[in-house]
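Heads up, the thing below is written out as structure tokens.
Values in this document were obtained by computation on a predicted structure and should not be read as measured data.
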Amino acid sequence: MEEQAKRKTVLSGIQPTSNLTLGNYLGALKNFVAMQQDFDSYYMVADMHAITVRQESARLRRRSIETLALFLACGIDPEKSTLFIQSHVPEHAMLTWVLSCNAYMGELNRMTQFKDKSARHADNINAGLFTYPVLMAADILLYQAHLIPVGADQKQHVELTRNLAERFNRAYGDTFVVPEPYIPKVGARIMSLQDPTSKMSKSDPNPNGFIAMLDDPDAIRRKLRRAVTDCEGCVTEDDSGRPGVYNLLTICSACSGSPVQEVSRELCGQGCGALKDRTADAVIAVLEPIQREYGRLLGDKQYLTDTLRQGAEKAGRTAQKTLRKVYHKVGFDSVKA
Ligand code: ATP
Ligand code: LTN
């Protein structure tokens, strides 16, 4: 019991916007699974974040369940972790309002994801896209999370969350745990296979740029064979200056568990074809069992529904506790709360 009370809390989320990619797996999901052993873990499907970009409703609903099934297929165990859909816990929206009143326009304006997404969706630069990081801060602070496993692109949002937590604690007294990002050493920024200077993204209109977690082995091999590798001749001892080659070495290393230097050393002197084949083998070995388990889980709707209900209840209890404290601190009357 003593031990349990001392366990730190981890929280993270992924948007159910499209097919998840190998980047989502290596940057985030893989760590979710590893961390559930040692931490009190909360993992959520961030459907409320997803609507900052226009979504078709039936598709979003289906994808939310499929994303949950993929979490489970990767090895997230609902007996160890609390697994839920963000919109099932209304406290996320409620805390977002209070935090919005403590967030500055200037700091939100500096968020690079907002700038990127407004450029990509120029016809729909909505207020939610702008306040997206405040909702993310609410996700984290509701659960008093210490560590946030994310890819490198989310570091800025976790830093904003830290600032909001510290500002609130200063103004109202100790309320929130101040979280820290947990960014993997290898795999924090998997790059596009077609443009190794930009991030592999599930919303890339060119499917050859990313490997989807549900791509079959043939598609994986084909996409890797077509990867842009700026390879002059062969793999060398140190390819850190060649983004395409380095990206494949990183993927191969993260999937096989061998350090990048070891993969380089083994393939040193061989052509890029050998690197591509080796990477394809390593990716397929990781994704194939996940895909099999995913297929099985999708056939068990009752289990998925039960898991979601249980997750929402568990998450709701923790979230309510924090929100009650926050409402009291800011001076809301407690009769209703
Ligand atoms: P989109 O491209 O639609 O904006 P995304 O692929 O970035 O979405 P998110 O749901 O925003 O996906 O991200 C989920 C998690 O996966 C985050 O922790 C993010 O940092 C991580 N992640 C996403 N892409 C990569 C990548 N290429 N390399 C490493 N981690 C990534
Ligand atoms: N914004 C994140 C997804 C996300 C998240 C979170 C990550 C939503 N809420 C809370 C960590 C903690 C993204 O990856 N785009």
Side-chain angles (χ1 to χ4, degrees), residues 4 7 9-51 55-93 139-140 142-143 145 148-150 202 211-217 220 283-321:
Q4 283 266 321
R7 266 158 73 102
T9 301
V10 159
L11 177 134
S12 197
I14 295 190
Q15 303 178 69
T17 38
S18 225
N19 287 329
L20 299 201
T21 69
L22 186 64
N24 296 127
Y25 180 72
L26 297 176
L29 261 172
K30 189 178 164 202
N31 294 314
F32 296 3
V33 179
M35 291 173 99
Q36 69 181 342
Q37 310 300 341
D38 302 319
F39 298 94
D40 195 7
S41 314
Y42 292 84
Y43 298 124
M44 56 168 216
V45 176
D47 58 345
M48 291 167 71
H49 278 97
I51 63 163
Q55 305 289 337
E56 203 236 299
S57 54
R59 196 160 165 262
L60 179 62
R61 212 181 329 274
R62 180 170 47 79
R63 281 203 190 282
S64 293
I65 304 286
E66 288 171 354
T67 305
L68 176 99
L70 205 49
F71 278 25
L72 291 164
C74 288
I76 293 175
D77 176 354
E79 298 300 318
K80 291 194 183 121
S81 302
T82 306
L83 198 53
F84 65 104
I85 292 186
Q86 189 181 27
S87 65
H88 288 181
V89 183
E91 284 75 12
H92 289 250
D139 300 338
I140 294 169
L142 270 179
Y143 299 90
I148 317 301
V150 280
K202 56 174 136 80
I211 293 175
M213 289 183 69
L214 299 174
D215 275 347
D216 61 41
I220 295 173
V283 172
I284 292 166
V286 167
L287 293 185
E288 245 187 343
I290 295 176
Q291 294 172 355
R292 260 199 308 279
E293 180 61 3
Y294 173 76
R296 192 190 68 77
L297 283 163
L298 274 193
D300 195 348
K301 291 279 177 320
Q302 189 60 48
Y303 174 70
L304 295 176
T305 313
D306 290 348
T307 303
L308 273 181
R309 192 166 302 127
Q310 207 184 64
E313 272 168 25
K314 250 167 94 188
R317 276 196 295 276
T318 313
Q320 279 152 23
K321 219 163 112 190

Problem set entry | Leu22 to Val283 - nearest heavy-atom pair and separation | CD2-CG2, 4.0 Å
For this session: Side-chain contact test, heavy atoms from C-beta onward, threshold under 4.5 Å: evaluate it for Asp215 versus Leu287 and give yes or no.
Result: no
Exercise. Can you find a heavy atom in the side chain of Tyr143 that is under 4.5 Å from one in the side chain of Thr82?
Worked result: no
Problem set entry | Side chains of Gln86 and Asp139, donor plus acceptor under 3.5 Å | yes
For this session: Please examine the side chains of Ile290 and Leu70, heavy atoms only from C-beta on, and report whether any two atoms are closer than 4.5 Å.
Result: yes
Exercise. So do the side chains of Leu304 and Leu72 get within less than 4.5 Å of each other, counting heavy atoms only?
Worked result: yes
For this session: Check whether any side-chain heavy atom of Thr17 sits under 4.5 Å from a side-chain heavy atom of Arg63, and report yes or no.
Result: no
For this session: Evaluate the side-chain proximity of Phe32 to Ser41: yes if any heavy-atom separation is below 4.5 Å, no if none is.
Result: no
Problem set entry | Heavy atoms of other groups near Ile51 CD1, more than 12 under 6.0 Å | no
Exercise. side-chain contact (heavy atoms from CB on, under 4.5 Å) between Ile76 and Leu29: does it pass, once the steps are laid out?
Worked result: CA-CA 9 Å; Ile76 293 175; Leu29 261 172; 4.1 Å; yes
For this session: Of all the heavy-atom pairs spanning Gly316 and Val89, show the shortest one and how long it is.
Result: CA-CG1, 4.0 Å
Exercise. Nearest heavy-atom pair of Ile14 and Ala28: which atoms, and what distance?
Worked result: CD1-CB, 4.2 Å
Exercise. Just by distance, do the side chain of Lys314 and the backbone of Phe84 share a donor-acceptor pair under 3.5 Å?
Worked result: no
Exercise. With side chains defined as the heavy atoms from C-beta onward, is the minimum distance between Leu297 and Tyr303 less than 4.5 Å?
Worked result: yes
For this session: Please report the closest heavy-atom contact between Pro149 and Ser12, naming both atoms and the distance.
Result: O-OG, 2.8 Å
Exercise. Do other residues, nucleotides or ligands put more than 12 heavy atoms under 6.0 Å from the CZ atom of Arg309?
Worked result: no
Problem set entry | Backbone N/O of Leu298 and side chain of Lys301: donor-acceptor pair under 3.5 Å | yes
Exercise. Between Arg292 and Pro289, is any pair of side-chain heavy atoms under 4.5 Å apart?
Worked result: yes
Exercise. Can you name the nearest heavy-atom pair linking Gln36 to Arg7, along with the distance?
Worked result: O-NH2, 4.0 Å
Exercise. Judged by atom type as modelled, is there a donor-acceptor pair below 3.5 Å linking the side chain of Thr21 to the main-chain atoms of Gly23?
Worked result: yes
For this session: Return yes if some donor-acceptor pair links the side-chain N/O of Gln291 with the main-chain N/O of Met213 below 3.5 Å, else return no.
Result: yes
Problem set entry | Backbone N/O of Asp47 and side chain of Gln55: donor-acceptor pair under 3.5 Å | no
Exercise. Do Thr318 and Tyr42 meet the criterion of a side-chain donor-acceptor pair at a distance under 3.5 Å?
Worked result: yes
Problem set entry | Leu308 versus His88, closest heavy-atom pair with distance | CD1-CE1, 4.3 Å
